[in-house]
Amino acid sequence: MTTAERTLDEAKLESFLGSFIGDFGGSISISLVYLGDRLGLYKAMAGAGPLTSSQLAEKTDTHERYIRDWLNNMAGGGYVEYDASAGTYELPPEQAFVFANSDSPVFMGDGALGFIPVIWAAEERMLDAFKTGAGIPWGEHDSRLFSATEQFFRPGYRANLTESWIPALDGVHEKLQNGARVADVGCGHGASAVVMAEAYPNSSFTGFDFHAESINTARERAARAGVSDRVSFEVAPASEFTGGPYDLICFFDCVHDMGDPVGAVANARKQIASDGTLMLVEPFAGDKPEDNHNPLGRLFYGASAFFCTANSLSQEVGAAIGAQAGEARLGEVCSDGGFTKFRRATETPFNLVLEARP
Ligand SMILES: C[S@@+](CC[C@H](N)C(=O)[O-])C[C@H]1O[C@@H](n2cnc3c(N)ncnc32)[C@H](O)[C@@H]1O
């Protein structure tokens, strides 16, 4: 039966409209979360107990009337709790853990949701891209993208990278403890390189990215963290970085963004020591689209269209494997790039951690 011949099921329509209204409200809520973060509303509410809208406005030097709408939107989504008898709002500890605690592994504040205004700003270019297949280079997006990416990924690197991802690779932790050479390709603002340098003071780290503005910021980040003696950053496309042989070459959430992931991995093969390790950290995904038709896959497919696919299509080859490429496709990229051994070293609910060896 074709779609045209299918009859309208009233109950399904109602249920779909219900979930659509939830999504529509949620999309506006996320914009308000972004504003609330910038205004310091979550940090002001964390641990403060129940507050009226006037008290929150006073604490944050904001206008009560806007704060009242903000709080009621947050209460409607379960982000804050409302006590109707007292007319107060409270940020529960779990929500504070996500929005107000910058040490939390799931922290979503300090601009991590900056993808939202970047998406607003890309509207016209995306319309054209959808029609023509044109790409949008990473560096041509609104500049909030670069720090949003850093803030979004850094908590996960701090929680997992040296605690579980590197230890899951064969023999790499010991090499880094003794002193090894590491390349961090597509390093952005350098969050991963800084985390590794803090944990492994005997090793040296070079971050590469083709986006010069990100490399400047990465250098500042390393200086601020006091690790510039062992971390340096250079502007280079992934298919052309040099300086090997490296004991460990990492691509954090970027190989799928590249126009030519096989070319990038083939260059890593040239630059890697004969007993070296390639680590790809990629968004968690199953191999088939239907494996990813869930809330997380939905988030990643959306980000993929705006940023990853768009960037890849702006580069030579334009493979556009996307942010939900999955382990099997990434394994092909590694073998086409000249690596012979490939396995899933570990995973988190958000990440695949893949290991390839020459
Ligand atoms: C999603 S960001 C990840 C940044 C960083 N690895 C992190 O985890 O925070 C993707 C990065 O890949 C970089 N990139 C994309 N294509 C590249 C290429 N062909 N060569 C080098 N870097 C590239 C972008 O500039 C961007 O910094």
Side-chain angles (χ1 to χ4, degrees), residues 107 110-112 114-115 118-119 135-161 165 182-196 205-219 221-222 231 233-243 249-268 271 279-284 299-300 302-325 333 337 348 350-353:
F107 181 54
D110 288 354
F115 299 102
V118 178
I119 285 172
I136 305 178
W138 180 260
E140 290 183 17
H141 273 289
D142 181 290
S143 64
R144 282 169 286 198
L145 176 60
F146 320 129
S147 43
T149 303
E150 175 190 14
Q151 298 298 347
F152 185 79
F153 288 120
R154 189 203 280 120
Y157 299 154
R158 277 215 255 163
N160 300 303
L161 176 49
W165 296 348
V182 180
D184 182 350
V185 185
C187 64
H189 282 188
S192 45
V194 168
V195 166
M196 290 190 284
F205 303 84
T206 310
F208 298 96
D209 201 290
F210 79 148
H211 183 231
E213 199 183 311
S214 287
I215 287 297
N216 287 338
T217 306
R219 288 182 181 133
R221 298 290 190 263
V231 186
F233 292 98
E234 286 175 34
V235 178
S239 52
E240 290 172 26
F241 76 92
T242 56
I249 300 182
C250 324
F251 289 71
F252 291 96
D253 215 288
C254 61
V255 79
H256 65 267
D257 291 285
M258 294 174 179
D260 183 9
V262 172
V265 167
N267 186 39
Q271 300 297 328
M279 171 166 62
L280 304 184
V281 175
E282 281 287 298
F284 190 89
L299 173 65
F300 287 144
S304 189
F306 277 100
F307 309 121
C308 318
T309 293
N311 180 64
S312 181
L313 289 176
S314 74
Q315 298 181 4
E316 265 177 48
V317 182
I321 66 173
Q324 291 287 269
V333 167
T348 70
F350 302 109
N351 301 100
L352 293 173
V353 179

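Predicted model, so just to flag it, every value in this text is computed and none were measured. Whatever order the structure lists them in is the order used to number ligands and atoms, beginning at 1.
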Q.
Does any part of the side chain of Asp260, heavy atoms only, come nearer than 4.5 Å to the side chain of Ser312, both counted from C-beta?
A. no
Q) So do Trp165 and Asn351 actually touch side chain to side chain, heavy atoms under 4.5 Å? A) yes
Q. How far is atom 13 (C) of ligand 1 from its nearest protein heavy atom, and which residue and atom is that?
A. Asp209 OD2, 3.4 Å
Q.
Walk me through whether Ile215 and Cys187 qualify under side chain to side chain contact (heavy atoms under 4.5 Å, CB included).
A. CA-CA 8 Å; Ile215 287 297; Cys187 64; 3.7 Å; yes
Q. Using a distance-only test with no angle check, is there a side-chain donor-acceptor pair under 3.5 angstrom linking Asp184 and Ser192?
A. yes
(Q) Less than 4.0 Å is my threshold; does some heavy atom of Ser214 fall inside it relative to ligand 1? (A) no
Q) Is the shortest heavy-atom distance from the side chain of Phe233 to the side chain of Phe208 under 4.5 Å? A) no
Q) Does some side-chain heavy atom of Val281 sit less than 4.5 Å from a side-chain heavy atom of Met279? A) yes
Q. Using a heavy-atom cut-off of under 4.0 Å, does the side chain or the backbone of Ser239 touch ligand 1, or both, or neither?
A. neither
Q.
In this structure, does ligand 1 have an atom that sits under 4.0 Å from one of the heavy atoms of Met258?
A. yes
**Q.** Where ligand 1 meets His211 - atom numbers and elements under 4.0 angstrom, heavy-atom basis
**A.** 25 (O)
Q: Measure centre to centre between the rings of Phe115 and Phe152, then say whether the value is under 6.0 Å.
A: yes
Q | ligand 1 versus Gln315: contacting region, heavy-atom distance under 4.0 Å | A | side chain
(Q) List ligand 1 atoms under 4.0 Å from Phe252, heavy atoms only on the residue side. (A) 3 (C), 5 (C), 6 (N), 8 (O)
Q) Relative to ligand 1, is Asn311 under 4.0 angstrom through side chain, backbone, both or neither, heavy atoms considered? A) side chain
Q: Mark up the atoms of ligand 1 that fall under 4.0 Å of a heavy atom belonging to Ala238, in ascending order.
A: 18 (C), 20 (N), 21 (C)
Q) So do Phe146 and His211 actually touch side chain to side chain, heavy atoms under 4.5 Å? A) yes
Q. Got the closest protein heavy atom to atom 1 (C) of ligand 1, with its distance?
A. Asp253 O, 3.3 Å
Q) Which residue supplies the protein heavy atom nearest to atom 6 (N) of ligand 1, what is that atom called, and how far is it? A) Gly186 O, 2.6 Å
Q: Write out the residue and atom name of the closest protein heavy atom to atom 12 (O) of ligand 1, then the distance separating them to 0.1 Å.
A: Cys254 CB, 3.5 Å
Q: State, with a plain yes or no, whether a side-chain heavy atom of Thr348 is found less than 4.5 Å away from one of Asn160.
A: yes
(Q) Can you confirm whether Phe284 is buried at CZ, in the sense that more than 12 heavy atoms of other residues, nucleotides or ligands lie under 6.0 Å from that atom? (A) yes
Q) For atom 8 (O) of ligand 1, which of Phe210, Phe307, Tyr157, Phe251 has the closest heavy atom? A) Tyr157
Q) Asp257 heavy atoms, cut-off 4.0 Å: which ligand 1 atoms fall inside? A) 1 (C), 10 (C)
Q) Are any of the heavy atoms in Ala236 under 4.0 Å away from ligand 1? A) yes
Q: Return yes when Pro237 approaches ligand 1 closer than 4.0 angstrom through a heavy atom, no otherwise.
A: yes
